[in-house]
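Report on the structure given below.
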Protein chains: 2
Amino acid sequence: MPSASAREAALATTPAASLVFTTVLSHGPLTRAEIARRTRLSAAAVTKAVRPLMELGYVIEDPDQGTRSALGRPAIPVRVDGGKAFFVGVKVTGDEIIAVLADLCCRIRVVRHLALADRQPGAVLASIAELVLELLTEAEGFGAPVRGLGIAVSGDVDREDGVVRYSPFLQWRDVRLAEIIGAATGLPVTVDNDVRALTVAEQWFGAGVGLSSFALVTVGAGIGCGLVVHDRVVSGAHGVTGEIGHVSIDPLGPRCYCGNNGCVEAIAADPAILRGVREATGKPVATAAEALELARSGDRGAREVYARAGQAIGRAIGSVVNLFGPQRVIISGEGLAAYDLFAEGIRDAFAASAFGSAAQSDVMTRPLPFEEWARGAAATAIQSFIGSDTYEE
Amino acid sequence: MPSASAREAALATTPAASLVFTTVLSHGPLTRAEIARRTRLSAAAVTKAVRPLMELGYVIEDPDQGTRSALGRPAIPVRVDGGKAFFVGVKVTGDEIIAVLADLCCRIRVVRHLALADRQPGAVLASIAELVLELLTEAEGFGAPVRGLGIAVSGDVDREDGVVRYSPFLQWRDVRLAEIIGAATGLPVTVDNDVRALTVAEQWFGAGVGLSSFALVTVGAGIGCGLVVHDRVVSGAHGVTGEIGHVSIDPLGPRCYCGNNGCVEAIAADPAILRGVREATGKPVATAAEALELARSGDRGAREVYARAGQAIGRAIGSVVNLFGPQRVIISGEGLAAYDLFAEGIRDAFAASAFGSAAQSDVMTRPLPFEEWARGAAATAIQSFIGSDTYEE
């Protein structure tokens with residue numbers, strides 16, 4: 001559920017209307033008959049849901065795409081009018097804030113980056129507000145209102161209350177992000193975990209379109225996982241979900257900051273790789289890029305660290321697949337830059353751990369730069385704008 | 001989706017009707033207003049769904065439970081008339097077949113056990129048919145028709161085609177169970193994985209009622225897991241799901257029959273424990289009961305084997321919770337007999353591996369004897385009888 005402030009602006013008043021709108025958003029242009037088939041709603045229910053959306057102008061007929069049925073009755077498809085409303089999406093990383101202005105179809109119209117000198121909530125929140133106000137000015141040129149703001153942060157995020165409960169990466173605890181940024185910008189704010197936000201964008205517009213179940217595994221500074229089951233993003237009863245980084249694959253593995261041993265994140269995330277490469281080579285490598293360069297230059301110790309990381313990721317994906325059998329596993333994140341070094345380990349460990357026909361899950365990689373994560377945040381704002389339970393546990 | 005033969009007899013013609021019926025089944029008696037609130041359907045949609053169910057007699061008004069609203073308008077609750085239809089549920093274990101005759105409310109009316117001398121498909125199928133025909137005779141005394149048969153088998157089961165693709169435990173491959181038993185008994189047959197079937201019964205009538213997400217972990221001859229996410233049992237895109245037994249928790253752990261190392265099943269299922277106790281004690285223990293007795297008598301080696309098994313189970317539950325964040329984890333299965341020996345290991349390993357607020361998942365134990373598994377099979381038959389997508393991926 002969206003935060004209190006985001007809840008005001010709901011477009012859809014029933015779950016059926018919400019389902020119809022998101023179906024047209026992902027798959028449009030569609031005729032009403034095609035919508036009925038995809039949503040399993042009756043033709044009458046579709047007509048009833050489409051009418052107010054058309055009256056408000058968010059859905060429009062697209063006669064160019066029309067076909068004439070055998071009986072001569074025209075079937076004019078409908079689509080979402082992207083330019084009718086705008087949304088801002090913000091992704092916060094450790095180094096920078098990325099903000100996008102997106103239209104209702106979640107097409108990116110403007111991108112802004114702002115370097116972060118300080119990870120303290122006060123400084124970061126001021127920077128977010130600054131960027132958002134900048135994009136609001138930009139939006140004036142498009143002639144349609146900005147109807148919501150989505151902010152994506154890593155860690156344990158309470159979307160309903162708009163609070164970042166705990167972000168280990170930013171070292172934030174209980175930051176009331178929606179309330180503060182809502183007051184500063186005047187926008188309805190939706191705050192969500194960054195991987196879940198990216199998963200929404202993949203489900204609606206990316207490699208998850210048309211799939212009722214998939215997993216999005218993100219590799220980089222942390223290791224995360226978004227899950228879609230039964231056509232919806234899993235949010236977890238207690239806020240935690242998709243913590244593939246804290247699936248322990250080895251009781252004798254390295255200690256993780258969470259207190260457990262052998263977590264995937266303690267083996268395969270950037271800091272673990274950096275530490276591993278330093279230990280294996282004795283060289284003072286300072287950044288992920290330097291570690292990568294060393295491994296690519298053929299250093300056996302460094303390569304072995306990446307191979308082990310790949311195996312850890314592959315084993316964890318095997319667990320995900322054995323537990324819920326998704327149609328597809330999408331591997332993404334900035335760690336894809338090292339995919340050539342991970343690939344064999346991931347492939348071998350996945351093959352060894354996937355049980356029976358679970359091995360048939362389609363495992364693919366897909367580069368999604370941080371702009372796409374910010375777009376995911378915009379997608380959560382669109383979700384809140386649509387309203388009526390596109391997102392609830 | 002049910003097998004072709006089971007599909008004929010669908011009670012509900014729309015997803016809404018199916019949702020209304022299952023809601024009344026799990027939570028009834030309910031007034032129409034309460035149904036609308038629980039299902040999030042409109043009052044009109046509920047009325048429309050209830051009407052044909054009442055005309056057919058499957059749903060009846062229960063004036064005894066009625067209340068009068070402030071305006072004096074009576075709100076008479078409705079409930080399912082359990083005696084209106086009967087179902088047979090069959091669970092196949094390695095040693096016996098358990099069959100129950102259940103009514104439409106999934107109350108067990110008759111139970112039958114039949115020892116299995118032989119696990120060959122031919123012999124088992126003949127025994128299943130024999131038991132079912134016996135129960136059909138019993139059912140005549142109840143004066144309502146038997147409308148379906150559910151059969152629950154461990155392993156990779158294709159419910160849609162009614163085929164047991166691979167049951168490692170029975171050593172079956174590609175057994176066309178629904179077709180053969182359907183021909184022998186004249187009943188629509190639903191075949192499902194046994195843990196998934198038990199999960200359906202728990203969701204409708206057990207410790208999962210009212211929860212939109214939970215995991216049911218079964219411990220015993222194998223280690224299984226049923227998952228409910230977004231109010232529905234997860235079935236897996238490729239048939240495999242809930243294979244918690246094949247989550248590998250230790251790369252140096254014992255070899256599993258699936259080819260991987262350190263699978264939970266290779267550490268914590270009955271055969272692994274038996275082997276472990278033999279190795280640790282040097283004594284020729286032949287059965288799970290003997291191993292249990294030895295551990296209870298205080299044998300340190302035997303106790304250590306159970307403690308390790310408990311830790312493996314606890315770590316695996318930690319992975320499930322970190323990935324899905326279910327509201328509740330229910331531990332069951334015949335292995336609960338040794339729960340006193342597992343408990344500490346499960347508790348400690350779960351606490352160490354659950355990430356952040358995932359530790360808030362409510363972990364409970366619940367004894368479910370094999371009659372309950374057979375009841376789960378009957379629940380899948382009821383599911384097929386209700387029809388219209390109560391079960392689909």
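What you see is a predicted model; the values in this text were computed from it and never measured. All values below were derived from every heavy atom in this structure, side-chain atoms included, with hydrogens, water molecules and symmetry-related copies excluded. Every chain is numbered from 1 and lettered A, B, ... according to where its sequence line falls, protein lines coming before strand lines.
Contacts between residues 247-257 of chain B and chain A, counted as heavy-atom pairs separated by less than 4.5 Å, involve B:V247, B:S248, B:I249, B:D250, B:P251, B:L252, B:Y257.
Between chain A and the options B:S353, B:G259, B:P168, B:C258, heavy-atom pairs under 4.5 Å are most frequent for B:S353. Here A:G242 is the residue among A:G242, A:A215, A:C263 with the most heavy-atom pairs under 4.5 Å with chain B.
For B:Q171, the side-chain contact (heavy atoms from CB on, under 4.5 Å) criterion is met by B:Y166, not counting sequence neighbours.
Interatomic distance, OG of A:S319 versus CD of B:E243, reported as 12.0 Å (0.5 Å rounding). Taken from CZ in A:F355 to CG in B:N260, the straight-line distance is 10.5 Å, to the nearest 0.5 Å.
Side-chain atoms of A:V234 and B:H230, non-hydrogen and from C-beta on, do get closer than 4.5 Å to each other.
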Criterion side chain to side chain contact (heavy atoms under 4.5 Å, CB included) on A:L323 and B:F324, from CA distance to verdict: CA-CA 10 Å; A:L323 286 171; B:F324 297 93; 4.1 Å; yes

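For chain A, the nearby parts of B:S361 are the backbone and the side chain; heavy atoms of each come within less than 4.5 Å. Of the atoms belonging to B:I244, heavy atoms from both backbone and side chain fall under 4.5 Å from chain A.
Within a 6.0 Å sphere centred on CD of A:Q360, heavy atoms belonging to other residues, nucleotides or ligands number more than 12.
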